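Worksheet for the structure shown next.
For ligands, and for the atoms within them, numbers begin at 1 and follow the listed sequence. FYI, side chains are in, hydrogens and waters are out, and symmetry mates aren't considered; it's all heavy atoms of this structure. This is a predicted model, so every value here is computed, not measured.
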Amino acid sequence: MVIYQNISLKPYNTFGIDVKAAQFVSISSVEELQVLCTTFNLSERKKLIFGGGSNILLTQDFDGMAVKIDLKGIDTIKEDDDFVWVKAMSGEVWHDLVMYAVDHNWYGLENLSLIPGCVGAAPMQNIGAYGSEIKDTFEELIAVEIESGKLVKFTNSACKFGYRESTFKNEAKDKYIIVSVTFKLSRKGILNVQYGAIKDTLAQQGIINPTIKDVSNAVMAIRKSKLPDPKILGNSGSFFKNPEIELNAFESLKVKHPTMPGYPVGSDKIKVPAGWLIEQCGFKGKRIGNTGAHKDQALVLVNYGGATGNEIFSLAKQIQATVFQTYGIQITPEVNIV
Ligand code: EPU
């Protein structure tokens with residue numbers, strides 16, 4: 001294990017922000033990670049754990065240790081007539097795992113095609129898209145407890161998954177490093193094609209009885225048409241979460257803003273698309289310095305090249321303030337700001 005000094009984090013975050021970490025280490029085995037936790041006393045250090053770096057906005061040089069998790073491997077660990085349990089190490093690229101499942105004709109991950117990032121980051125915020133979330137197929141994960149270096153198992157319920165939420169963003173924050181995640185995939189599943197954009201794409205292609213591959217291809221086509229590729233235009237996917245507001249607040253807002261979309265959550269809450277709010281406030285496609293809200297999806301803030309983390313953070317604050325002034329709705333970042 002080599003600990004490097006003063007390393008640029010630009011290659012390790014999809015916003016492409018050029019800040020330096022005082023120390024940097026890449027981890028390629030669980031044992032190495034356990035040594036880092038115990039012998040190198042990781043719990044006492046200021047630290048930043050990197051998977052794919054696709055959900056982070058770096059606003060300044062980091063005067064602690066950046067730990068890049070590079071654990072690799074995808075294996076089938078159990079199977080029966082109906083299900084297959086697939087274990088992926090946390091440093092695997094998320095989309096590679098999805099393709100592995102799709103190529104084997106196993107149901108459950110196809111709607112989550114092309115989400116940037118690594119497997120280990122997926123449970124942190126219960127990644128989701130087009131009507132699926134990882135909680136739907138998640139069986140368990142193994143994490144190293146940073147303080148002791150011991151391996152700990154988390155079941156689905158122990159992860160306390162919610163909309164872009166898990167225990168790893170709350171009680172368990174900064175206490176564990178995820179090393180592997182096991183998914184229970186189905187051999188005889190049902191495809192989830194209820195999301196409007198998927199239905200429309202399949203219909204346009206004349207596909208009536210879609211296969212897993214068809215749904216995955218449709219999701220990839222939708223994402224490519226709306227979401228910028230971080231390799232070309234730095235971004236971190238949705239910058240904000242979609243806010244949930246009380247039903248009566250939504251009804252009052254509808255009187256003044258009749259076109260406001262909203263999706264029921266339970267019986268008394270409504271989820272309002274943050275992208276709509278940001279677009280209505282005039283930010284969609286608007287460039288401010290080296291940053292802006294993307295022209296096809298206002299929820300995605302982009303780095304046109306050379307933006308600092310603070311420039312993007314200022315834009316985010318300006319967007320939050322304008323949305324609040326206009327609608328009285330507080331939108332909160334989905335991305336971790338460091
Ligand atoms: N909308 C606009 N203008 C925009 C963007 C969206 O008016 O610029 C409105 C439209 O009413 C549209 C609705 O928002 O019908 C929903 O838009 P979309 O289907 O693009 O989904 P989203 O709510 O903006 C969420 C996730 C995405 C995920 C998509 C598809 C969050 C924060 N984001 O976006 O996740 O891909 O649904 O399921 O929940 C991510 O987390 O990084 C991400 C990309």
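Summary of contacts: the protein heavy atom closest to atom 43 (C) of ligand 1 is S238 OG, 3.0 Å. In terms of protein heavy atoms, atom 11 (O) of ligand 1 is closest to P261 CG, 3.7 Å. The nearest heavy-atom contact from the protein to atom 38 (O) of ligand 1 is Y130 N, 2.6 Å. Here the protein heavy atom with the shortest distance to atom 26 (C) of ligand 1 is R164 NH2, 3.3 Å. When only non-hydrogen protein atoms are considered, atom 1 (N) of ligand 1 lies nearest to W276 N, 3.6 Å. What sits closest to atom 3 (N) of ligand 1 on the protein, heavy atoms only, is E279 OE1, 2.6 Å. For atom 34 (O) of ligand 1, the nearest non-hydrogen atom of the protein is L299 CD2, 4.1 Å. Here the heavy atom of the protein found nearest to atom 23 (O) of ligand 1 is N242 ND2, 2.8 Å.
In the vicinity of P273, heavy-atom distances shorter than 4.0 Å reach the ligand 1 atoms 9 (C), 13 (C), 14 (O). Residue A298 has at least one heavy-atom neighbour below 4.0 Å for each of these atoms of ligand 1: 4 (C), 8 (O). Below 4.0 Å from some heavy atom of F240 lie the following atoms of ligand 1, by number and element: 32 (C). Within ligand 1, the atoms closer than 4.0 Å to a non-hydrogen atom of Y195 are 18 (P), 19 (O), 21 (O), 30 (C), 37 (O), 38 (O), numbered from 1 in the order shown. Those atoms of ligand 1 that come under 4.0 Å of a heavy atom in K284, given as number and element, are 3 (N), 4 (C), 8 (O). For ligand 1, the atoms closer than 4.0 angstrom to any heavy atom of Y263 are 13 (C), 15 (O). Of all atoms in ligand 1, numbered sequentially from 1 with element shown, those under 4.0 Å from a heavy atom of G237 are 42 (O). Taking a cut-off of under 4.0 Å to the non-hydrogen atoms of R223, the atoms of ligand 1 that pass are 36 (O), 44 (C).
Between the side chains of E139 and N156, not a single donor N or O lies within less than 3.5 Å of an accepting N or O. Remark: the S113 side chain and the S216 side chain contain an N/O donor-acceptor pair separated by less than 3.5 Å. Side chains of S166 and N126: no donor on one and acceptor on the other come within 3.5 Å. Remark: the T76 side chain and the E79 side chain contain no N/O donor-acceptor pair separated by less than 3.5 Å. Judged purely by distance below 3.5 Å, without hydrogens or angles, the side chains of T167 and N170 never pair a donor atom with an acceptor atom.
E279 has a carboxylate O that lies under 4.0 Å from a charged side-chain N of K284, or vice versa, which qualifies the two as a salt bridge. A salt bridge between D81 and R187 is absent, with no side-chain N of the basic residue lying under 4.0 Å from a carboxylate O of the acidic one. Electrostatic pairing of E145 and K150 does not count as a salt bridge here, judged by no charged N lying under 4.0 Å from a carboxylate O.
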Item to check | Check against side chain to side chain donor-acceptor pair (under 3.5 Å), S28 and D70 | outcome: CA-CA 5 Å; S28 49; D70 220 7; over 6 Å; no
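Contact annotation: for Q297 versus ligand 1, heavy atoms closer than 4.0 Å belong to both the backbone and the side chain.
For ligand 1, the polar-atom distance check finds an N/O of E334 within less than 3.5 Å of one of the ligand's N/O atoms. Ligand 1 has no nitrogen or oxygen under 3.5 angstrom from a nitrogen or oxygen of D296. The distance criterion of under 3.5 Å between nitrogen or oxygen atoms is met by K226 with respect to ligand 1.
Not a single heavy atom of Q125 sits under 4.0 Å from any atom of ligand 1. For Q280, the heavy-atom gap to ligand 1 stays at 4.0 angstrom or more.
Between W276 and F240, the ring center distance fails the sub-6.0 Å criterion.
A continuous path of hydrophobic side-chain contacts links V338 to L301 [ILVMFWY only; heavy atoms under 4.5 Å]. Residues V25 and L48 are members of separate hydrophobic clusters, defined by side-chain heavy-atom contacts under 4.5 angstrom among Ile, Leu, Val, Met, Phe, Trp and Tyr.
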